[in-house]
Amino acid sequence: MSAAASPAAFSVVVDEHIAAAAQEGLTSQPRHLPAWLFYDAAGSQLFDQITALPEYYLTRTERAIFTEHGGAIVGQAAEGARLRIAELGAGSAEKTRVLLRAAVERQETVVYEPVDVSASALDSACRCIEREIPGVTVAPRVMDYTHGDGRRFHLGRAGDNERRLMLYIGSSIGNFEPHEALRLLRRVRAGLKTGDSFLLGVDLVKGENVLLDAYDDAAGVTAAFNRNILVRLNRELDANFNQHAFAHCALWNRGRSRIEMHLVSRFAQQVSIGALDLTLDFACGETIHTENSYKYSPGQAEALLEEAGFKPAATWSDEREWFAVCLARVE
Ligand code: AVI
């Protein structure tokens with residue numbers, strides 16, 4: 001190993017969480033990396049681009065459901081009371097604006113509580129909402145809602161005549177393994193009180209080609225998003241991946257009802273990860289599994305919500321039944 005690549009000479013502070021994930025995933029067989037590694041600044045920008053791609057129907061289909069049914073969603077969640085709206089993994093909160101507008105129309109003002117692990121994501125995403133939609137007050141909460149060690153969410157008290165509507169939209173639940181999804185929903189349930197409700201957005205099973213195109217677009221944005229994970233390891237762990245020596249691969253795993261993303265080594269190659277003092281030998285065709293995106297059958301999300309302790313109340317879908325938005329109540 002050269003001096004420049006030695007752990008001692010690597011001057012960037014190594015994030016232990018990233019180092020542990022890369023060490024575990026890249027030395028396992030089959031090799032894998034966690035999907036949360038996608039979302040550095042460049043990856044988040046690429047994901048924003050993905051949501052506008054013609055092939056990536058998810059975002060625009062869910063937004064259309066909100067545009068058509070936002071009033072009904074907010075009305076059913078409120079049941080005559082005032083509503084405050086919380087959101088897990090708020091991101092750019094772009095679709096949420098549709099629901100916030102519906103809430104303002106109904107009750108003139110609304111408190112919006114975006115929850116995210118990253119304070120900076122919350123800052124930039126939500127600062128402008130108050131200016132854009134008069135009547136909205138933003139109360140951001142920094143919280144790692146994906147790992148809770150059984151602890152409850154601390155969202156603060158809602159007012160006496162106020163109910164909370166918690167959003168988890170954008171098919172984000174689809175990136176969790178089924179047992180993790182159930183655990184997450186149970187945590188959410190435990191952090192809500194009687195009368196509150198939960199809105200879950202799920203992508204539905206559909207024709208294989210539609211699914212494959214959504215995860216392997218013609219412009220190559222999803223491929224760049226996938227490869228960006230290697231660029232991130234180069235920067236943060238002093239690795240020397242040649243991102244172009246790995247092909248983007250999206251496949252439909254029908255048996256497990258999920259799209260899988262992989263990075264496939266185009267030829268036999270060696271990669272070193274300086275911060276881990278690790279050298280990896282990739283065979284030609286060997287893959288790194290980077291993401292699963294589960295697709296739900298009609299009724300499956302409602303069953304999951306019920307298993308997590310919610311009472312499913314209503315489901316809205318688009319004409320083609322490509323995407324579903326499920327409202328469930330805490331009783
Ligand atoms: C964030 N998540 C819901 C996206 C999805 O569709 O599973 C991530 C993504 N991966 C590739 N394209 C988009």
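Counting starts at 1 for both ligands and their atoms, in listed order.
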Is any side-chain heavy atom of [X] closer than 4.5 Å to a side-chain heavy atom of [Y]?
| X | Y | answer |
| --- | --- | --- |
| F323 | Y296 | no |
| L200 | V325 | no |
| R163 | R82 | no |

With rounding to the nearest 0.5 Å, note down the distance linking CG in N228 to OG1 in T290.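 Going from the CG atom of N228 to the OG1 atom of T290 covers 11.5 Å.
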Quick check on contacts: which atoms of ligand 1 are under 4.0 angstrom from a heavy atom of [X]?
| X | result |
| --- | --- |
| S293 | 5 (C), 6 (O), 7 (O) |
| F225 | 10 (N), 11 (C) |
| G170 | 3 (C) |
| S171 | 3 (C) |

Which protein non-hydrogen atom lies closest to atom 4 (C) of ligand 1, naming both residue and atom, and how far is it?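 Scanning the protein heavy atoms, the shortest distance from atom 4 (C) of ligand 1 goes to Y56 OH, 3.3 Å.
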For atom 2 (N) of ligand 1, what's the nearest protein heavy atom and its distance?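 The protein heavy atom lying closest is N175 OD1, 2.8 Å.
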When L184, L182, D203 are each screened for side-chain contact (heavy atoms from CB on, under 4.5 Å) with I173, the one that passes is L184
Measure from NZ or CZ of R31 to the centre of the six-membered ring of F282 and say whether it is under 6.0 Å with the direction within 45° of the ring axis.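 Yes, a cation-pi geometry.
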Once you restrict to heavy atoms under 4.0 Å, what part of F38 touches ligand 1? Side chain, backbone, both or neither.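 Neither part.
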Residue part near ligand 1, for D203, under 4.0 Å between non-hydrogen atoms: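 For D203, no heavy atom sits under 4.0 Å from ligand 1.
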Could you say whether the N/O atoms of S172 and ligand 1 ever approach to under 3.5 Å? no
Would you kindly confirm whether V111 and V104 end up in one hydrophobic cluster when ILVMFWY residues are joined by side chain heavy atoms under 4.5 Å apart? no
Pick from M261, E55, E291: the one approaching atom 9 (C) of ligand 1 most closely through a non-hydrogen atom: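 That would be E291.
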Could you tell me whether ligand 1 has any atom less than 4.0 Å away from a heavy atom of Y39?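 Judged by the 4.0 Å heavy-atom criterion, Y39 does count as contacting ligand 1.
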Taking the six-membered ring for Trp and the full ring for Phe, Tyr or His, determine whether the centres of F225 and F38 are under 6.0 Å apart.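 Yes: the rings meet the under 6.0 Å criterion.
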